[in-house]
A.B. asks: 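Sharing a structure here in structure tokens format.
Letters go in sequence order (proteins before strands), and every chain restarts at 1.
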Amino acid sequence: MADSPSPNTNADNPDLTDPHAARRHKLAELVQRGIDPWGQRFDDRDLNGECRARIGEVKFVTKEGETLELPDVESPDVDYRQWKTDNGPGEEVGPTVRVAGRIMLARTAGKLIFLNLRDWTGDIQIFIGKKQVGEEDFELAKLFDLGDLVGVEGRLGRTNTGELTVFAEKLFMLTKMLEVPPEKHAGMTNIELRQRMRYADLAFNDGVMQTFLDRTKIIKSVRSTLDDRGFCEVEGPTLHTIPGGAAARPFETHHNALDMKLTMRIALELHLKRLMVGGMERVYELGRVYRNEGLSPRHNPEFTMIEIYQAYGNYESMMELTERIICDALDKIGGGYKREYNGQEIDFTPPFQRATYAELFEKATGINPTDEDAVMSLAAKLQIDTNDKHPDVIRNEIFEEKVEDSLQGPIFVIDYPASICPLTKRKRDNPEIAERFELFICGMELANAYTELNDPDLQEELFKTQLAGLEEEDSMAKMDHDFVRALRYAMPPAGGLGIGIDRLVMVLTNSKSIRDVILFPVLRPE
RNA sequence: GGAAGUGUAGCUCAGUUGGUUAGAGCAUCCGACUUUUAAUCGGAUGGUCCUGGGUUCGAGUCCCAGCACUUCCA
């Protein structure tokens, strides 16, 4: 692939029509002229975005010395050439700037070169005229290739079409690119290449940088929402001796000095609850968890989640908090509460819709979920394996198949069957129902919250009860004696909330795959 | 784990029923052009058709196996 240099690159007589060889040749040419192809300090520069914001400082000075404001060329009514004809002769005069960035496009027109220079605040056009920059710099400009990082010093102005442009006076080679850039219209579309070479994806594909900058904004926003409400961020261990807090298969590793098996964490829950016992009344952790499962557009083996615990709250408090976190994040990235995801309009205006597990089940299947015979016969019709399975497990498989995909949301599904929620407090008036909700958007589970179980004896009992029909790795029922001991020291009644950050970012940035919001998703080696 | 799809130049893609020397655009190189903006115009270079077998006079194309990716399902 691209990492093997072409055979022409080392030959004495390189084939200059080979793009790689041509770049190597120009590199050598730069060195020969005493120009460092890898650049030097240039941090006293102006960002392209700042330059664009200074467009108002560019004036038109007529031959008579009169200074005119320039018209707004963004307006379709303005023909800038005509405006100049009407007001000329004269020239545009703006402040001197220093910019740096990657050459995205280049157009030569005789003894002129136009560049589109990109930094992470956007693009700006560069005008390089042979007469204007002088022979030496013009020869340097001829050694520039698409993708090179260059610096330009010059005056801000406008071209005849009105475009804001840096009229170069001095050029700086900052770094040569030795690889060939992707196709300039289509970009790099091969999904595997984009993920393997995220650097090139970020540098050359539109929208990729914005998605990841939005991801950062969203995560910052989540933290600030919680910090503003007095929550304390902590860091729990990522190496666990007992993988707990979720139903998932862990990654296993080994500690040499202690000669013991360790597992990567699959959830944050049990350690955060220990901290609540210790008196951290509002606590959260935002971090990576690892689940040894298959890959899909919604699953990556390592992903980012946040878990939040609030003493003296319950799942109702967590619903309000969930809405607050999402709406604050939407405010930060802009674009309003009505957004498109996968072609559907999602309305995030709070409060989000709420419906119970039982009523959604009945609506989708026409069957009352407490009617065991009807549930069993439906399961048979759906060809769900019912052997040795607890009725609630079967019920939940039907729910996943018939209800979840159709939940466009945002909708809180509340009040789950208690037997599938071993870490959750039961409803006081109905011990069959757990105080739990899941937030669904476009059929995707985004958040999961409980009124947390804090009865140590009941917790111990639930750890011992393996639900019939569940594989061990699918069960949350893994005895953690220290956790039960912690509960005996009294954990306050509390609400707990977990949010899948990657999925939240997917929905808020309209990304179809979790791999579009994870910089370096898991891939097989090349 | 199962099914379907994809894999051709550095990148994006065509490639007919199996038939001459595998094409285009971008990029690259040469030439023209001092206000272009997906610049334009003229010319040139560039291929392990994913890998390995097989069928055939002849395979990018058909068959088998494998690899990678994508999507759907479990």
Side-chain angles (χ1 to χ4, degrees), chain A residues 1-9 11 13-26 29 73 80-81 84-85 88 91-92 103-118 123-135 138 141-148 157-168 177-197 200-201 203-206 293-299 342 382-385 397 400-401 405 443 471 474 512-516 521-526:
Chain A
M1 226 179 57
D3 58 351
S4 55
S6 127
N8 292 318
T9 54
N13 273 325
D15 170 14
L16 292 182
T17 64
D18 170 22
H20 286 103
R23 283 166 189 265
R24 292 277 174 187
H25 180 73
K26 288 175 188 167
E29 191 74 15
V73 285
Y80 190 69
R81 278 175 209 275
K84 272 183 89 164
T85 310
E91 63 175 336
E92 297 88 349
I103 299 173
M104 301 306 290
L105 291 172
R107 296 168 290 284
T108 60
K111 298 181 178 63
L112 293 184
I113 301 171
F114 291 89
L115 303 178
N116 290 22
L117 195 70
R118 175 171 301 175
D123 290 10
I124 199 157
Q125 179 167 263
I126 309 296
F127 174 105
I128 303 168
K130 189 173 187 178
K131 208 169 84 187
Q132 288 83 346
V133 294
E135 189 83 31
F138 197 72
K142 283 195 196 161
L143 296 175
F144 288 171
D145 281 308
L146 293 182
D148 288 357
R158 286 195 185 185
T159 59
N160 285 348
T161 53
E163 173 146 348
L164 185 69
T165 300
V166 179
F167 288 82
M177 180 165 96
L178 293 176
E179 290 292 343
V180 183
E183 210 276 341
K184 74 180 179 187
H185 323 307
M188 184 186 274
T189 59
N190 182 308
I191 293 171
E192 186 187 354
L193 279 186
R194 289 181 50 200
Q195 292 170 3
R196 283 195 195 285
M197 302 198 286
D201 187 34
F204 293 101
N205 282 341
D206 289 341
E293 293 166 348
L295 285 72
S296 88
R298 295 168 179 195
H299 298 87
N342 262 347
L382 294 172
Q383 294 178 314
I384 291 171
D385 179 18
E397 285 180 17
E400 284 175 7
E401 178 158 344
D405 289 352
E471 300 290 326
D474 293 333
K512 283 176 190 56
S513 167
I514 197 165
R515 290 169 154 163
D516 293 335
V522 170
L523 294 170
R524 280 192 177 79
E526 260 177 86

A.B. asks: OP1 or OP2 of B:C29 less than 4.0 angstrom from a side-chain nitrogen or oxygen of A:Lys26, does that happen here?
C.D. replies: yes
A.B. asks: So what does A:Arg158 hit on the nucleic acid, given a heavy-atom distance under 4.0 Å: a base, only sugar-phosphate, or nothing?
C.D. replies: nothing
A.B. asks: Which listed nucleotide (B:U35, B:U28, B:C11) is nearest to the side chain of A:Leu146?
C.D. replies: B:U28
A.B. asks: Could you measure between the two C1' atoms, the one in B:G23 and the one in B:A68, and give it in whole Å?
C.D. replies: 26 Å
A.B. asks: For A:Asn190, enumerate each residue passing the side-chain hydrogen bond (donor to acceptor under 3.5 Å, both in side chains) test, keeping only those at least two apart in sequence or located in another chain.
C.D. replies: none
A.B. asks: Go through the steps for A:Leu117 and A:Ile103 under the test side-chain contact (heavy atoms from CB on, under 4.5 Å), then give the verdict.
C.D. replies: CA-CA 5 Å; A:Leu117 195 70; A:Ile103 299 173; 4.1 Å; yes
A.B. asks: Could you state the CZ-P distance from A:Arg24 to B:C29, rounded to the nearest angstrom?
C.D. replies: 15 Å
A.B. asks: Could you work out the separation of B:G1 and B:G47 based on their P atoms and round it to a whole Å?
C.D. replies: 38 Å
A.B. asks: Give the rounded distance in Å between these two atoms: CD of A:Glu29 and P of B:C29.
C.D. replies: 12 Å
A.B. asks: The criterion is salt bridge (Lys or Arg N to Asp or Glu O under 4.0 Å); which residues satisfy it with A:Arg158, sequence neighbours excluded?
C.D. replies: none
A.B. asks: Once you apply a heavy-atom cut-off of 4.0 Å, does A:Lys184 come out as touching a base, just sugar-phosphate, or nothing?
C.D. replies: sugar-phosphate
A.B. asks: Mind checking who B:G60 pairs with, Watson-Crick or G-U wobble, both distances under 3.5 Å?
C.D. replies: none
A.B. asks: Give me the residues of residues 123-131 of chain A where at least one heavy atom lies under 4.0 Å from an atom of RNA chain B, by number, or none.
C.D. replies: A:Gln125, A:Phe127, A:Lys131
A.B. asks: For the C1' atoms, the ones on B:U20 and on B:G60, what distance do you get once it is rounded to whole angstrom?
C.D. replies: 16 Å
A.B. asks: For A:Ala186 and A:Phe167, find the nucleotide of RNA chain B closest to each by heavy atoms; which residue's nucleotide sits nearer the 5' end?
C.D. replies: A:Ala186
A.B. asks: Consider the side chain of A:Thr159, meaning its heavy atoms from C-beta on, and name the nucleotide among B:U35, B:A27, B:C29 that approaches it most closely.
C.D. replies: B:U35
A.B. asks: For B:C69, what is the paired nucleotide under Watson-Crick or G-U wobble rules, both distances under 3.5 Å?
C.D. replies: B:G5
A.B. asks: Going by side chain to side chain contact (heavy atoms under 4.5 Å, CB included), name the residues that satisfy it together with A:Pro182, two or more places apart in sequence or in a different chain.
C.D. replies: A:Met188, A:Phe204
A.B. asks: Across the strands shown, which category fits A:Thr108 at heavy-atom distances under 4.0 angstrom: base, sugar-phosphate, nothing?
C.D. replies: base
A.B. asks: Among B:G10, B:U36, B:U70, which nucleotide has an atom closest to any side-chain atom of A:His20?
C.D. replies: B:G10
A.B. asks: Nearest to the side chain of A:Leu112 - B:A27, B:U34, B:U12?
C.D. replies: B:U34
A.B. asks: Give A:Lys84 one of three labels, base, sugar-phosphate or nothing, depending on what nucleic acid heavy atoms sit under 4.0 Å from its own.
C.D. replies: nothing
A.B. asks: Looking across every strand, which nucleic acid part, if any, lies under 4.0 Å from A:Glu192 by heavy atom: base, sugar-phosphate, or nothing?
C.D. replies: sugar-phosphate
A.B. asks: Could you tell me whether the phosphate oxygens of B:U36, OP1 or OP2, come under 4.0 Å of any side-chain nitrogen or oxygen in A:Arg107?
C.D. replies: no
A.B. asks: Looking at residues at least two apart in the chain, or sitting in another chain, which of them share a side chain to side chain contact (heavy atoms under 4.5 Å, CB included) with A:Leu105?
C.D. replies: A:Arg107, A:Asn116, A:Lys184
A.B. asks: Identify the nucleotide, in any strand shown, that forms a Watson-Crick or G-U wobble pair with B:A39, with both distances under 3.5 Å; if there is none, say none.
C.D. replies: none
A.B. asks: Quick one: list whatever passes salt bridge (Lys or Arg N to Asp or Glu O under 4.0 Å) with A:Asp405, sequence neighbours left out.
C.D. replies: none
A.B. asks: Quick one: list whatever passes side-chain hydrogen bond (donor to acceptor under 3.5 Å, both in side chains) with A:Glu401, sequence neighbours left out.
C.D. replies: none
A.B. asks: Using nucleotides 72-74 of chain B, report all nitrogen or oxygen pairs with the protein that are shorter than 3.5 Å.
C.D. replies:
none

A.B. asks: Just jot down the salt bridge (Lys or Arg N to Asp or Glu O under 4.0 Å) partners of A:Glu92, sequence neighbours excluded, or say none.
C.D. replies: A:Lys84
A.B. asks: Quick check on RNA chain B: between A:Arg515 and A:Leu16, whose nearest nucleotide comes earlier from the 5' end?
C.D. replies: A:Leu16
A.B. asks: When rounded to the nearest Å, what value does the distance between P atoms of B:A3 and B:A39 take?
C.D. replies: 47 Å
A.B. asks: Roughly how many Å apart are B:U56 and B:U70, using the C1' atom of each and rounding to a whole number?
C.D. replies: 33 Å
A.B. asks: What integer number of Å spans the C1' atoms of B:U21 and B:C29?
C.D. replies: 24 Å
A.B. asks: Which of the following nucleotides, B:U35, B:U12, B:U70, is nearest to the side chain of A:Ile191?
C.D. replies: B:U70
A.B. asks: Residues in salt bridge (Lys or Arg N to Asp or Glu O under 4.0 Å) with A:Glu192, at least two apart?
C.D. replies: A:Arg196
A.B. asks: Between A:Phe167 and A:Phe127, what is the ring plane arrangement, given parallel below 30°, perpendicular above 60°, and tilted in between?
C.D. replies: tilted
A.B. asks: Could you identify the nucleotide paired to B:C33, looking across every strand shown and requiring Watson-Crick or G-U wobble geometry with both distances under 3.5 Å?
C.D. replies: none
A.B. asks: P atom, B:U12 versus B:C73: distance in rounded Å?
C.D. replies: 28 Å
A.B. asks: Quickly work out the A:Arg23 CZ to B:C29 C1' distance and round it to whole Å.
C.D. replies: 13 Å
A.B. asks: Please determine whether a side-chain nitrogen or oxygen atom of A:Arg524 lies at a distance below 4.0 Å from atom OP1 or OP2 of B:C69.
C.D. replies: yes
A.B. asks: Can a side chain N or O of A:Arg194 be found less than 4.0 Å away from OP1 or OP2 on B:C69?
C.D. replies: no
A.B. asks: Taking the P atom of each, how far is B:U61 from B:U55, in whole Å?
C.D. replies: 15 Å
A.B. asks: What pairs with A:Glu29 under side-chain hydrogen bond (donor to acceptor under 3.5 Å, both in side chains), at least two apart in sequence or on another chain?
C.D. replies: A:Arg33
A.B. asks: Polar atoms only, N or O, under 3.5 Å: list the protein pairs with nucleotides 44-47 of chain B and their distances.
C.D. replies:
unit_1, atom_1, unit_2, atom_2, d
B:U45, O2', A:Asp15, OD2, 3.4
B:U45, O2', A:Thr17, OG1, 2.7
B:U45, O2, A:Thr17, OG1, 3.3

A.B. asks: Taking the side chain as everything from C-beta on, heavy atoms only, tell me whether A:Gln125 gets closer than 4.5 Å to A:Leu164.
C.D. replies: no
A.B. asks: Under 4.0 Å, counting only non-hydrogen atoms across every strand here, what does A:Asn116 touch: a base, just sugar-phosphate, or nothing?
C.D. replies: nothing
A.B. asks: Contact class for A:Ala22 (heavy atom, under 4.0 Å): base, sugar-phosphate, or nothing?
C.D. replies: sugar-phosphate
A.B. asks: Checking all strands, does A:Gly187 fall into the base, sugar-phosphate, or nothing category for heavy-atom contacts under 4.0 angstrom?
C.D. replies: sugar-phosphate
A.B. asks: Measure from CD on A:Gln195 to C1' on B:C69 and round the result to the nearest Å.
C.D. replies: 9 Å
